[in-house]
2 protein chains.
Amino acid sequence: MTTKRIKLSDIARELNVSVGTVSLVLSGKAKQHRIGEEMAKKVIAKADELDYQANIMARSLRTGKSGIIGLAVADIANPYFGRMARYIENEASNMGYQVMFGSSDEDSNKLSSILNTFHSRQVDGIIVVPVENCELVGGMSNNDTIPTVLIDRECNNLQTDLVCTNNFDGAVQLNEVLLKKGYKKIAAFVYNLRLSNFEERLNGYKKAIKNVEGTFNPIVFSIDFNNVEENLVKALEEALKIRCDGLFFVNNSLGILSLKIMRKRYKKLLTKIGMVSFDNPEVFDLSTPRITCWEQPVEEMSKKAVELLVGKINNKNEDKCQQIKLKGKLILRDFQ
Amino acid sequence: MTTKRIKLSDIARELNVSVGTVSLVLSGKAKQHRIGEEMAKKVIAKADELDYQANIMARSLRTGKSGIIGLAVADIANPYFGRMARYIENEASNMGYQVMFGSSDEDSNKLSSILNTFHSRQVDGIIVVPVENCELVGGMSNNDTIPTVLIDRECNNLQTDLVCTNNFDGAVQLNEVLLKKGYKKIAAFVYNLRLSNFEERLNGYKKAIKNVEGTFNPIVFSIDFNNVEENLVKALEEALKIRCDGLFFVNNSLGILSLKIMRKRYKKLLTKIGMVSFDNPEVFDLSTPRITCWEQPVEEMSKKAVELLVGKINNKNEDKCQQIKLKGKLILRDFQ
DNA sequence: AGTATTTACTTAAACGTTTTAGCAATCATT
DNA sequence: AATGATTGCTAAAACGTTTAAGTAAATACT
């Protein structure tokens, strides 16, 4: 039943040639190493016949290249990261890499365990959405260094290759939309996580409201990431109590969940409150109200990250690190 | 800068012991192989000091176990599969496995290329959402067989381990809900893909409408998977033209996109048409109308699939194949 | 004291590739 | 015919583990 896996030596034996010859032919180095054309054909034919599939473990061990890109996101079940994973998969596949993933849940311990695994597996490169205490990312690459590209957010002071978006501008524009529509008092909602993208978005919010006459002090609700629902319910209650008429959410999860809560508990207010959010999940287009938001160019980001990473993998020399900031897009929808 | 990676021989050299000893200690086989406790402590301490990380390529080559589970879904960007991937990741991680994924786009060529890759990489097991022409799955495991579990759908006649849900019942119930609410003429929407789950759902639809007095013939719109939007627009137009008042969608993508189209083009009809769909994406809870749907127990399915798979990996002997059918849940929402 | 057993390690082969160095045989050149 | 170049392959080491088999020393048993 379970036949044995075919290996180079099987082909070699059947053809009465050496393993080296077979290897050179099948890895496309026949000409370069002066293997005759006839021999090459014979080898290839035999390999086809026997349905040879290289043992990548062995190859990797020998070459030191695994052909794997490690991807560490916050949560692959979050459609934003799901899409990111998909685009990264596509691009990586084009470049001849497979993707192995892990979800950190914004937890630096989980992330560091994921990164350690990647390390053990000798992935050729890592794309990572860093989390709060990301010294770990640096710490990880202490011993020997795996090419790494950050995506979505910066990591504290770490000067690494990076692909992100103009979060600040996005937040400014989202809040300006609200203000221009006449909303007077906007509250911002963010997780209690010190993440660069969230902070930039918060700064954009502060900038936007500072520019406006009849200004008010920033109102920021910091939502405990480990107890989101309960916190958010309270925060929204409080926001409405102090008569906020605009709500600015720093990412899709906060926006979506808030929408859910608002619909359940404050249905009548829905027409009066202006809600804007980062990211553009499907639901914001079909919900009532439809949510104006700032869409990040996930496909470009993902492609660019892979491109950068593969570049880094191939030219370990060129140590210049690139920090790429792509432009998001305002998606205008109704407010009622 | 780039220090060398630490290997067993480095530890052995520093301690003046053999590589074998170090290996035995670090792989927890010290007692079993009568390595002294003191030695064990020394080795472990040194490994910690030098921050040793095993080279998994080498280990895998030797042991024939990669510690990787391959996951082939239709599209990781689809939240349904994204969630599945996440639960599988969790469970696999608990069991000591990493997950490598690939998206087939329902294309048997892509799937077979993904499976070949998994094969080459000697993944220890495969969880796969099969596609239309899935002889390939069988074909793949021709030579030597990798434990495989199907998830979400069956594969033609292949008698393999499988985790899916009671699609037929779900479809029956969804359509009965519509009929009981007084909808008279229901159209079903499905992709032009011969997938067991879709077919079961379609059969459920047919069963439900057959049971009802004043019955009508099944109305099935088969949407070209490679040209979904255009086809769906036409199909919906046609359905409304022939005065269908109920729409039954066989999966989330069809439901979501149709909702989008309906909202754009037939806003006034939205209150009169009853829409029900499989899967329970977030948007169905926040949209207008909110969509009654059949939620599959994705977490259980995923867990069960991993459990089954790991079982298979560990007892190659026990050849009995298990086909598990889990129960979904009706999520009742409004229709207007 | 002499033999058997146990303890604590070491040796070395093996996993399946890749790749460098080398060896014959053939061909070209004088 | 002797020399040099070229062609077409082979041999064998190496990648870093795991693990079966072996060995020497210490301990137990008669």
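Note that the coordinates shown come from a computational prediction; the quantities given were computed from them, not determined experimentally. Chain naming here is simple, since letters A, B, ... match the order of the sequence lines and numbering starts at 1 in each.
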Handout entry: Any residue meeting salt bridge (Lys or Arg N to Asp or Glu O under 4.0 Å) with Glu91(A), in chain and number order, not counting sequence neighbours
Key =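 Glu91(A): no salt bridge (Lys or Arg N to Asp or Glu O under 4.0 Å) contacts found.
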Exercise for the section: Take nucleotides 3-16 of chain D nucleotide by nucleotide from the 5' end and write B, S or -, depending on whether a protein heavy atom sits under 4.0 Å from the base, only from the sugar-phosphate, or from neither. Expected result: ----BBBB--BBBB
Problem - Between Ser93(B) and Gln98(B): side-chain donor-acceptor atoms closer than 3.5 Å - result: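 Side chains of Ser93(B) and Gln98(B): no pair found under 3.5 Å.
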Problem - Any donor-acceptor N or O pair under 3.5 Å, side chains Ser18(B), Thr21(B) - result: yes
Exercise for the section: Rounded to 10°, tell me the angle between the two end axes of the helix from dA1(C)-dT30(D) to dT30(C)-dA1(D), each built from five pairs. Expected result: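 Its terminal axes enclose an angle near 60°.
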Practice task
Decide, yes or no, whether a salt bridge links Asp10(A) with Lys7(A) under the criterion of side-chain N to carboxylate O below 4.0 Å.
Solution key: no
Handout entry: Ionic contact status for Lys41(B) with Glu38(B), cut-off 4.0 Å
Key = no
Handout entry: Closest approach of Ser104(B) to Leu111(B) (non-hydrogen atoms, all atoms of both residues)
Key = CB-CB, 3.9 Å
Practice task
Among Leu8(A), Val43(A), Ile44(A), find the one that has a side-chain contact (heavy atoms from CB on, under 4.5 Å) with Tyr52(A).
Solution key: Leu8(A)
Problem - Reference residue Leu309(A); test side-chain contact (heavy atoms from CB on, under 4.5 Å); the match among Asp124(A), Ile127(A), Val163(A), Asp161(A) - result: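 That would be Ile127(A); it is the only one of Asp124(A), Ile127(A), Val163(A), Asp161(A) passing the side-chain contact (heavy atoms from CB on, under 4.5 Å) with Leu309(A).
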Handout entry: dT19(C) OP1/OP2 closer than 4.0 Å to side-chain N/O of Lys29(A)
Key = yes
Fill in the blank from the handout: Whole-Å distance, Asp10(B) CG to dT17(D) P, equals 9 Å
Practice task
Round to a whole Å and report the spacing from NZ of Lys42(B) to C1' of dC9(C).
Solution key: 12 Å
